[in-house]
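Read the numbers this way: they start at 1 and go in the same order the structure lists the ligands and their atoms. Only this structure's heavy atoms are used, side chains among them; waters, hydrogens and symmetry mates stay out. Numbers here are sequence positions counted from 1.
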Amino acid sequence: DKGGYKHFMAKEIAEQPTVIGEAISHYLTQDGTDIALPAEIDFTKIDRLTMVACGTAFYACMTAKYWFEQLAQLPVEIDVASEFRYRDPVITKDTAALFVSQSGETADTLAALRYCEGKAEQILSVVNVATSSIARESDVALPILAGTEIGVASTKAFTCQLTVLLILALKAAKDRGTIEDSRYQELLTELRALPGIMNHALTIEAVTEKISRKLAEARDILFLGRGVMYPLAHEGALKLKEISYIHAEAYASGELKHGPIALIDKKVPVVVLAPRDGLFDKTVSNMQEVMARNGKVLLISDSKGLMEGGEGTWEAIAMPDADPVLTPILYAIPAQLLAYHTAVSKGTDVDQPRNLAKSVTVE
Ligand code: F6R
């Protein structure tokens, strides 16, 4: 049941504030002032974390690496499961191995998990389907509580994965003593406010629809981001290519001048994900290099960011303010809505894109 929406994907995008709210209530204490995870999750027992997944779930891991390193000072390795399982990765006894999967049945991710059995100190998973193979074969499986996801392109599962991974990173920071109590409380407060901010962010729908009609004309689209926005640039490009069939690539903003800038001309829209965080000025300077070469920049930022860096851009999307730690969850919304409306504009099969399956149970 699409609940009045044209596609499951649209419904699942709109459900995000609700399901994220449910995941947050589940993993926080009743009064919301602490994290409540199974007792087996104890980050004082490990010294490194290896995270493995495929596709969108991998981009959730890539984002979480920034969180675990910045908040918990925990060394993190990430890889896509199809590479990890065949490259003889070194898993030391002080490692927790964490597998992220919506379906919990992805063949490569499951094989990567089995590779870590008997090698890692602990096998954790972050899954949507709680009865899945990956959940069953983990020491601890943490459900993301996104509810059934039907659209082949993952949306609400991605933001719920991010939410649970951020809670894990905060728990790691607390266990390892790397976060001040006031900052810990501040981030929990921000987290509790997130569903409301996500609701507010969904009001960008009309502007994304208008911009998407123009993006639908493009043959190639680039996505740029720095820091936590870099994985999100990948997620935006993946979402766009899988449902609109437009060629899209993501680059770390700072990598632009090492090659990809050669692609820039007046026909190539460049989507810049840049909340006004500590890296904003650097991203804006990369964006100006694009504009100097007649690139068409779509800047996605908050109101201050648009005021400071928005001059001369082709298009802009104004996002609500949020703590820089939480912006990857929030900025998933424009990434998803741009892909969705571009696909609708092109008339492709949004919920069942060609050549793709919801669950990839063969390698
Ligand atoms: C993209 C998408 C895929 C999946 C990937 C992993 O929108 O849905 O990239 O994220 O196939 O699937 P799970 O999470 O089920 O392991």
Side-chain angles (χ1 to χ4, degrees), residues 7-13 15-16 19 23 51-64 78-85 97-114 123-138 141-165 223 231-246 248-250 328 332-340 342-343 348-363:
H7 299 97
F8 283 109
M9 187 179 176
K11 173 173 176 261
E12 289 162 2
I13 290 171
E15 274 168 7
Q16 291 179 109
V19 289
M51 287 193 276
V52 180
C54 301
T56 286
F58 173 70
Y59 297 134
C61 295
M62 200 173 161
T63 310
I78 52 167
D79 207 350
V80 290
S82 56
E83 283 303 311
F84 179 86
R85 65 180 289 198
L98 196 165
F99 301 86
V100 180
S101 175
Q102 188 284 128
S103 64
E105 300 297 346
T106 301
D108 280 324
T109 310
L110 182 58
L113 181 154
R114 289 178 178 155
I123 297 194
L124 308 173
S125 61
V126 168
V127 293
N128 197 28
V129 182
T131 53
S132 60
S133 306
I134 289 173
R136 279 186 279 114
E137 295 192 27
S138 311
L142 301 170
I144 60 169
L145 307 161
T148 311
E149 190 179 65
I150 293 170
V152 163
S154 187
T155 53
K156 62 176 180 170
F158 176 65
T159 48
C160 286
Q161 285 162 353
L162 287 177
T163 303
V164 174
L165 289 168
F223 284 76
L232 206 63
H234 275 288
E235 172 60 5
L238 176 66
K239 215 94 297 175
L240 189 80
K241 68 187 121 186
E242 69 179 327
I243 62 170
S244 78
Y245 316 145
I246 294 174
E249 291 296 330
I333 288 180
Q336 296 163 349
L337 285 174
L338 286 171
Y340 174 74
T342 304
T348 54
D349 188 344
V350 171
D351 285 333
Q352 284 291 331
R354 67 187 183 198
N355 311 339
L356 292 173
K358 183 68 186 160
S359 180
V360 184
T361 53
V362 289
E363 68 172 292

Using distance alone, decide if ligand 1 has a nitrogen or oxygen within less than 3.5 Å of any nitrogen or oxygen in Gln161. no

Show me which atoms of ligand 1 lie under 4.0 Å from any heavy atom of Glu242. 1 (C), 7 (O)

For ligand 1, the portion of Glu105 having any non-hydrogen atom under 4.0 Å away: neither

Starting from atom 15 (O) of ligand 1, which protein heavy atom do you reach first, and at what distance in Å? Ser103 OG, 2.7 Å

Does even one non-hydrogen atom of Leu356 get within less than 4.0 Å of ligand 1? no

Distance, nearest 0.5 Å, that separates CD1 of Ile134 from CG of Leu124: 13.0 Å

Can you tell which part of Asn128 has a heavy atom less than 4.0 Å from ligand 1: side chain, backbone, both or neither? neither

Which protein heavy atom lies closest to atom 16 (O) of ligand 1, and at what distance to 0.1 Å? Thr106 OG1, 2.4 Å

Could you pull out all residues at least two apart from Val360 that satisfy side chain to side chain contact (heavy atoms under 4.5 Å, CB included)? none

For Ala57, the ligand 1 atoms with a heavy-atom partner under 4.0 Å come out as 10 (O), 14 (O)

Using a strict 4.0 Å cut-off to heavy atoms of Ala153, name the atoms of ligand 1 that fall inside it. 7 (O)

Report yes if the distance between the aromatic ring centroids of Phe58 and His234 is under 6.0 Å, otherwise no. no

Examine the proximity of ligand 1 to Lys239 and report which part, side chain or backbone, both or neither, has a heavy atom under 4.0 Å away. side chain

Using modelled atom types only, decide if a donor and an acceptor are shared between the side chain of Asp108 and the backbone of Cys54 within a distance under 3.5 Å. no

Is it the case that the side chains of Thr56 and Glu235 hold a donor-acceptor pair, with the cut-off being a distance below 3.5 Å and no angle test? yes

min-distance protein heavy atom vs atom 11 (O) of ligand 1 -> Val360 CG2, 4.1 Å

Side chain of Thr348, backbone of Ile243: donor and acceptor closer than 3.5 Å? yes

For Asp351 and Phe8, indicate whether the former's side chain and the latter's backbone hold a donor-acceptor pair under 3.5 Å. yes

Is the closest heavy-atom distance from Ser359 to ligand 1 below 4.0 Å? no

Looking at side-chain heavy atoms only, is the closest gap between Glu12 and Gln336 below 4.5 Å? no

Any N or O on Thr56 sitting closer than 3.5 Å to an N or O of ligand 1? yes

side-chain contact (heavy atoms from CB on, under 4.5 Å) test vs Glu149 passes for just one of Cys160, Ser154, Ser103, namely Ser154

Which protein non-hydrogen atom lies closest to atom 5 (C) of ligand 1, naming both residue and atom, and how far is it? Cys54 O, 3.6 Å

Side-chain donor-acceptor pair present, Thr159, Gln16, cut-off under 3.5 Å: yes

Quick one: nearest non-hydrogen protein atom to atom 14 (O) of ligand 1, plus distance? Gln102 N, 2.6 Å

For atom 8 (O) of ligand 1, what's the nearest protein heavy atom and its distance? Val152 O, 3.2 Å

N or O pair under 3.5 Å between Gly55 and ligand 1: no

Any donor-acceptor pair under 3.5 Å linking the side-chain atoms of Ser244 with those of Thr342? no

